[in-house]
Participant: 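I have a structure here, written as structure tokens, and I will follow up with some questions on it.
Read the numbers this way: they start at 1 and go in the same order the structure lists the ligands and their atoms. None of the values given here were measured: they were computed from a predicted structure. Positions are given from 1, in the same order as the sequence printed here.
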Amino acid sequence: MAFEVPELTFAHDALEPYINKRTMELHHGLHHAAYVNKFNAAIEGTDLAGKGAEEIIQNLDAVPENIRTAVRNNGGGHVNHSIFWSIMGANKGGEPTGELGDAIKSTFGSFDNFKEKFNSAGGGQFGSGWVWLVMTPEGKLDVVGTPNQDTPMSQGHKVIMGNDVWEHAYYLTYENRRPEYLKAWWNVVDFDAVAKRFAEAK
Ligand code: MN3
């Protein structure tokens with residue numbers, strides 16, 4: 001079964017004013033779809049067809065060399081965006097509580113410090129890429145950036161949450177003001193969904 005763009009659990013305009021409707025239509029409907037189509041085309045007829053997208057991306061060395069770049073970029077694009085949609089929603093934001101909130105405080109000092117570190121890494125990511133909260137192979141929380149559609153999963157990390165800092169994620173509303181987008185984005189983060197990923201990663 002070929003990969004598909006997952007349905008959003010919210011309307012295209014649900015994240016306004018932080019992420020506008022047109023950005024969501026293009027980002028989810030066209031950009032993500034393009035990654036999925038190219039990913040499917042790359043693995044069609046290979047042993048990878050039928051495997052899970054995350055499984056493929058976690059083992060890039062096992063991908064035949066002639067399609068490895070296509071899989072890295074487009075499989076990564078599919079995996080990254082699927083996570084991204086799943087940790088956002090309408091009327092979200094606030095602060096994480098429970099074990100996730102405690103882990104963030106003990107790792108970064110405070111939620112505000114964590115946000116600052118995350119926004120700074122996202123703002124400092126040169127060109128297109130992502131910023132992530134990950135659980136390292138040692139079981140520690142960390143903030144990392146990746147270029148293009150690379151995913152920390154390929155380095156053995158588990159992804160807890162991530163923000164897309166490609167211009168297509170914010171340009172229609174924020175133009176070149178990526179830091180403004182990074183700051184506003186916290187208003188659409190679904191920390192229940194993030195906490196679930198954290199619990200599964202432990
Ligand atoms: Mn994107």
Side-chain angles (χ1 to χ4, degrees), residues 2-43 53-54 56-58 60 69-90 92-93 115 118-134 143-155 157-190 193-194 197:
F3 294 110
E4 291 176 3
V5 178
E7 294 284 328
L8 292 176
T9 56
F10 47 85
H12 284 121
D13 62 0
L15 308 183
E16 293 206 2
Y18 310 108
I19 300 178
N20 77 3
K21 183 182 177 186
R22 190 64 186 143
T23 297
M24 286 303 300
E25 287 171 349
L26 295 168
H27 199 179
H28 177 258
L30 297 182
H31 288 280
H32 190 163
Y35 295 122
V36 166
N37 292 340
K38 289 178 187 165
F39 185 30
N40 284 330
I43 65 170
E54 294 195 1
I56 294 171
I57 275 307
Q58 282 161 356
L60 279 175
T69 300
V71 166
R72 178 179 181 164
N73 291 338
N74 298 294
H78 175 48
V79 166
N80 291 343
H81 286 88
S82 297
I83 294 169
F84 186 54
W85 312 132
S86 77
I87 57 142
M88 297 193 292
K92 300 298 182 185
K115 282 205 292 188
F118 190 96
N119 288 354
S120 158
Q125 180 64 45
F126 182 75
S128 298
W130 291 77
V131 54
W132 308 96
L133 174 66
V134 300
V143 169
V144 297
T146 56
N148 305 312
Q149 293 298 349
D150 286 359
T151 163
M153 287 181 212
S154 301
Q155 281 94 49
H157 297 301
K158 290 176 180 165
V159 169
I160 311 298
M161 64 185 291
N163 192 2
D164 187 342
V165 301
W166 283 58
E167 286 186 344
H168 66 223
Y170 61 85
Y171 209 86
L172 295 183
T173 300
Y174 301 93
E175 299 180 333
N176 64 334
R177 303 183 302 279
R178 188 193 287 181
E180 210 177 294
Y181 159 71
L182 282 160
K183 238 171 130 179
W185 178 74
W186 296 97
N187 290 292
V188 300
V189 175
D190 179 353
V194 176
R197 296 189 65 86

Participant: Going by the side chain to side chain donor-acceptor pair (under 3.5 Å) test, name the single residue among Tyr181, Trp132, Tyr170 that passes it with Asn163.
Facilitator: Tyr181
Participant: Would you give me the side-chain donor-acceptor pairs under 3.5 Å for residues 9-19, sequence neighbours excluded?
Facilitator:
residue : atom : partner : partner atom : Å
Glu16   : OE2  : Lys21   : N            : 2.7

Participant: Taking Met161's backbone N and O only, do any of them form a donor-acceptor pair with Arg197's side chain (distance below 3.5 Å, no angle check)?
Facilitator: no
Participant: Provide the tally of protein N/O/S atoms nearer than 2.8 Å to the Mn ion (ligand 1).
Facilitator: 4
Participant: Do NZ/NE/NH1/NH2 and the carboxylate oxygens of Glu25 and Arg22 come within less than 4.0 Å?
Facilitator: yes
Participant: Not counting sequence neighbours, which residues clear ring pair (Phe, Tyr, Trp, His ring centres under 6.0 Å) with Tyr35? List them please.
Facilitator: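 Tyr35 satisfies ring pair (Phe, Tyr, Trp, His ring centres under 6.0 Å) with His81 only.
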Participant: Return the set of residues passing salt bridge (Lys or Arg N to Asp or Glu O under 4.0 Å) with Glu175 (not counting sequence neighbours), or none when no residue passes.
Facilitator: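 Here the qualifying residues are Arg177.
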